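The block underneath contains the structure these notes are about, expressed in structure tokens.
Counting convention: from 1, in listed order, for ligands and their atoms alike. As the structure is a computational prediction, the values presented were derived from the model and not from experiment.
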Amino acid sequence: MVVLTTPTLDQIPLLKSAKQIPHISYVPTIDLSKPEPALSIVNACKSFGFFKVTHHGVDMELVERLEDGARVFFSLAQSKKERWAAAKAPMGYGNKCIGLNGDMGWLEYLLFAIKNSAVDQVSMPGFEVSSRMFCSALNEYITAMRNLASQILQQIANGLQIQTEDVFSSLIENEESDQILRLNHYPPCPRLKSGVTGFGEHTDPQLISILRSNSVGGLQFALKDGRWVSAAPDPNSFFVIVGDSLQVLTNGRFKSVKHRVVAPEHSSRLSTIFFAGPPLSQRITPVPELMQDGEESLYREFTWGEYKKAAYKSRLADYRLGHFEKATYNQKMN
Ligand SMILES: C=C1C[C@]23C[C@@]1(O)CC[C@H]2[C@@]12CC[C@H](O)[C@@](C)(C(=O)O1)[C@H]2[C@@H]3C(=O)O
Ligand SMILES: O=C(O)CCC(=O)C(=O)O
Ligand SMILES: [Fe+2]
């Protein structure tokens, strides 16, 4: 029998104290109520790989209901939460262990697989029955996030002047689209030393991720020059993060952005992230309409299912796209 023990604080690594500036003075911010946000979205994706959306139309009462449900869940006795620990690993409840390959962080979380725009009951048997209110908030939130992600992906296609407006959004609107909802809870970290890893540096493998947190900070993004910048928390807005798959679909015009979370010292951080992925069978290859004459794909052909499988065998900080880059491109870069 495998006995799983919860890691102690001493086992959680400190974040590498790379050159840091405390608060980014400029987070690209897109007001979705203003006309024609497409070009600003594309510019933010090209220059930063992340941006924040305001006036997004998501019902904040729903967001509060979800956050209340999450707070109630995370305050349950450990033994009750552990009931969902082995649900369908890595889905379900997790405590300090991230993924299946030894990554650790100062957090606990719930990971839900999504099927047909709702929590997949197979990945969390009995969860809906245990908390119907929480589950209906989760499902309504999933629908809201999927709509927001679709809207943003359509704007990206417009901003890139692709005639087929739904070229990206259709990938996440399919019944078979492979999506995940993650709720992360970072309790205050008792150690006075700062820089304990909440969630270690990584890129997200999907197309885009939509992140919302309470008012407790900790989220940092890597800039292109390697500096880490803290993004001030903004509970009324959503951060949009470019993932590896969108990097490939745009043939490297957009780059997936590295991000991480520093464990909070005094208050609990609660975050919710929707990962918008395509169906497992979807080929991930640059969009033909985007390619210029003679331009070749920088990547070997692969399906999302193949990429996901490889990603889930990797460590959090690994450069996962490396295996899929064409050798010629690798040689040119080295
Ligand atoms: C260490 C890992 C955790 C992760 C799967 C992986 O092997 C590498 C990618 C990780 C990541 C990052 C973004 C999302 O939080 C996530 C759910 C995903 O799809 O890829 C996690 C995976 C996880 O926590 O299981
Ligand atoms: O919790 C956060 O704010 C970010 C977590 C994250 O990047 C992830 O779950 O992939
Ligand atoms: Fe992430």
Checklist line | Which atom of Leu32 lies closest to which atom of Pro37, heavy atoms considered | finding: CD2-CG, 4.2 Å

Item checked: Nearest-option assignment for atom 21 (C) of ligand 1, heavy atoms, candidates His202, Arg182, Arg315 -> Arg182

Check: Considering only protein heavy atoms, which is closest to atom 9 (O) of ligand 2, and at what distance to one decimal place?
Finding: Arg182 CD, 3.0 Å

Check: Using the benzene-type ring in the case of Trp, are the ring centres of Trp84 and Phe127 under 6.0 Å apart?
Finding: yes

Next item on the list: Starting from atom 13 (C) of ligand 1, find the nearest protein heavy-atom neighbour and note its residue, name and distance.
Entry: Asp204 OD1, 3.3 Å

Next item on the list: Starting from the C-alpha separation in whole Å, work towards a yes-or-no answer on side-chain hydrogen bond (donor to acceptor under 3.5 Å, both in side chains) for Asn158 and Glu165.
Entry: CA-CA 6 Å; Asn158 289 336; Glu165 195 187 42; 3.2 Å; yes

Margin query: I'd like to know if Glu175 pairs up with Lys115 as an ion pair, taking the criterion as any Lys NZ or Arg NE/NH1/NH2 lying under 4.0 Å from an Asp or Glu carboxylate oxygen.
Written below: no

Next item on the list: Measure Asp204 to ligand 2 on non-hydrogen atoms and call it side chain, backbone, both or neither using the 4.0 Å cut-off.
Entry: side chain

Next item on the list: Could you see which bit of Leu100 sits under 4.0 Å from ligand 1, with heavy atoms only: side chain, backbone, both or neither?
Entry: neither

Check: Of all the non-hydrogen atoms in the protein, which one sits nearest to atom 25 (O) of ligand 1, and at what distance?
Finding: Tyr312 CE2, 3.5 Å

Notebook entry, point to check: Where's the contact between Arg269 and ligand 2, heavy-atom distance under 4.0 Å: side chain, backbone, both or neither?
Noted result: side chain

Checklist line | Lys/Arg-Asp/Glu bridge criterion (N-O < 4.0 Å) met for Arg253, Glu295 | finding: yes

Notebook entry, point to check: Taking only heavy atoms of Pro90, which atoms of ligand 1 are found under 4.0 Å from at least one of them?
Noted result: 25 (O)

Check: Protein heavy-atom contact under 4.0 Å for atom 4 (C) of ligand 1?
Finding: no

Notebook entry, point to check: Got an N/O contact under 3.5 Å between Ser314 and ligand 1?
Noted result: yes

Notebook entry, point to check: Is there side-chain contact between Cys189 and Leu9, with heavy atoms separated by less than 4.5 Å?
Noted result: yes

Item checked: Proximity of Leu316 to ligand 1 by residue part, where a heavy atom lies under 4.0 Å -> both

Checklist line | Close N or O approach (Ala311, ligand 1; < 3.5 Å) | finding: yes

Note to self: Run the side-chain hydrogen bond (donor to acceptor under 3.5 Å, both in side chains) test on Gln247 and Ser256 for me, step by step, so that the C-alpha distance in whole Å, both residues' side-chain angles and the decisive distance to 0.1 Å come before the verdict.
What the structure shows: CA-CA 6 Å; Gln247 173 169 333; Ser256 54; 3.2 Å; yes

Notebook entry, point to check: Does ligand 2 have an atom under 4.0 Å from some heavy atom of Arg260?
Noted result: no

Check: Non-hydrogen atoms of Phe275 versus ligand 2: any pair closer than 4.0 Å?
Finding: yes

Checklist line | For atom 14 (C) of ligand 1, closest protein heavy-atom neighbour | finding: Phe275 CZ, 3.4 Å

Next item on the list: May I ask you to list the atoms of ligand 2 that are less than 4.0 angstrom from any heavy atom of Val261?
Entry: 1 (O), 2 (C), 3 (O), 4 (C)

Item checked: Contact atoms of ligand 1, heavy-atom distance to Asn101 under 4.0 Å -> 7 (O)

Margin query: Tell me the contacting part of Leu211 for ligand 2: side chain, backbone, both, or neither, using a 4.0 Å heavy-atom threshold, strictly below.
Written below: side chain

Item checked: Distance-only N or O hit between ligand 1 and Lys313, under 3.5 Å -> no

Check: With ring centroids as reference points, do Phe302 and Phe324 lie under 6.0 angstrom apart?
Finding: yes

Note to self: Using a 4.0 Å cutoff against the non-hydrogen atoms of Tyr186, which atoms of ligand 2 qualify?
What the structure shows: 1 (O), 2 (C), 4 (C), 5 (C)

Next item on the list: Check all N, O or S atoms of His202 and name the one closest to the Fe ion (ligand 3).
Entry: NE2

Margin query: What verdict does the side-chain hydrogen bond (donor to acceptor under 3.5 Å, both in side chains) test give for Ser237 and His56, after you've listed the backbone C-alpha separation in whole Å, the side-chain angles of each residue and the deciding distance to 0.1 Å?
Written below: CA-CA 8 Å; Ser237 304; His56 37 69; 5.5 Å; no

Check: Think Lys52 forms a cation-pi with Phe50, using NZ or CZ under 6.0 Å from the six-ring centre and within 45 degrees of its axis?
Finding: no

Check: Among all protein non-hydrogen atoms, which one is nearest to atom 5 (C) of ligand 2, and what is the separation to 0.1 Å?
Finding: Asn184 ND2, 3.4 Å

Next item on the list: Name the closest protein heavy atom to atom 10 (O) of ligand 2, giving the residue it belongs to and the distance to 0.1 Å.
Entry: His202 NE2, 3.0 Å

Notebook entry, point to check: In terms of atom number and element, which parts of ligand 2 are under 4.0 angstrom from non-hydrogen atoms of Ser271?
Noted result: 1 (O), 2 (C), 3 (O)

Notebook entry, point to check: So does Arg71 pair up with Asp68, basic N to acidic O under 4.0 Å?
Noted result: yes

Margin query: Can you confirm whether Gln163 is buried at CD, in the sense that more than 12 heavy atoms of other residues, nucleotides or ligands lie under 6.0 Å from that atom?
Written below: no

Next item on the list: Could you check which N/O/S atom of Asp204 is closest to the Fe ion (ligand 3)?
Entry: OD1

Checklist line | Atom name of the N, O or S atom in His259 that lies nearest to the Fe ion (ligand 3) | finding: NE2

Next item on the list: Identify the two heavy atoms, one from Gln11 and one from Met104, that lie closest to each other, and give their separation to 0.1 Å.
Entry: O-SD, 3.7 Å

Check: Considering residues, nucleotides and ligands other than Lys34, do more than 12 of their heavy atoms fall under 6.0 Å from its NZ?
Finding: no

Notebook entry, point to check: Is it true that the NZ or CZ of Arg320 lies under 6.0 Å from the centre of Tyr307's six-membered ring and within 45 degrees of the ring axis?
Noted result: no

Note to self: Using a 4.0 Å cutoff against the non-hydrogen atoms of Asp103, which atoms of ligand 1 qualify?
What the structure shows: 1 (C)

Notebook entry, point to check: Should we say atom CE of Met291 is surrounded by more than 12 heavy atoms from elsewhere, each under 6.0 Å from it?
Noted result: yes

Next item on the list: In sequence, state the C-alpha distance, the side-chain angles, and the governing distance for Gln78 and Glu82, and then conclude on side-chain hydrogen bond (donor to acceptor under 3.5 Å, both in side chains).
Entry: CA-CA 6 Å; Gln78 197 59 28; Glu82 300 283 349; 2.8 Å; yes

Check: Nearest protein heavy-atom contact for atom 11 (C) of ligand 1: which residue, which atom, what distance?
Finding: Pro205 CD, 4.3 Å

Next item on the list: Tell me, please: is Lys308 in heavy-atom contact with ligand 1, that is, under 4.0 Å?
Entry: no

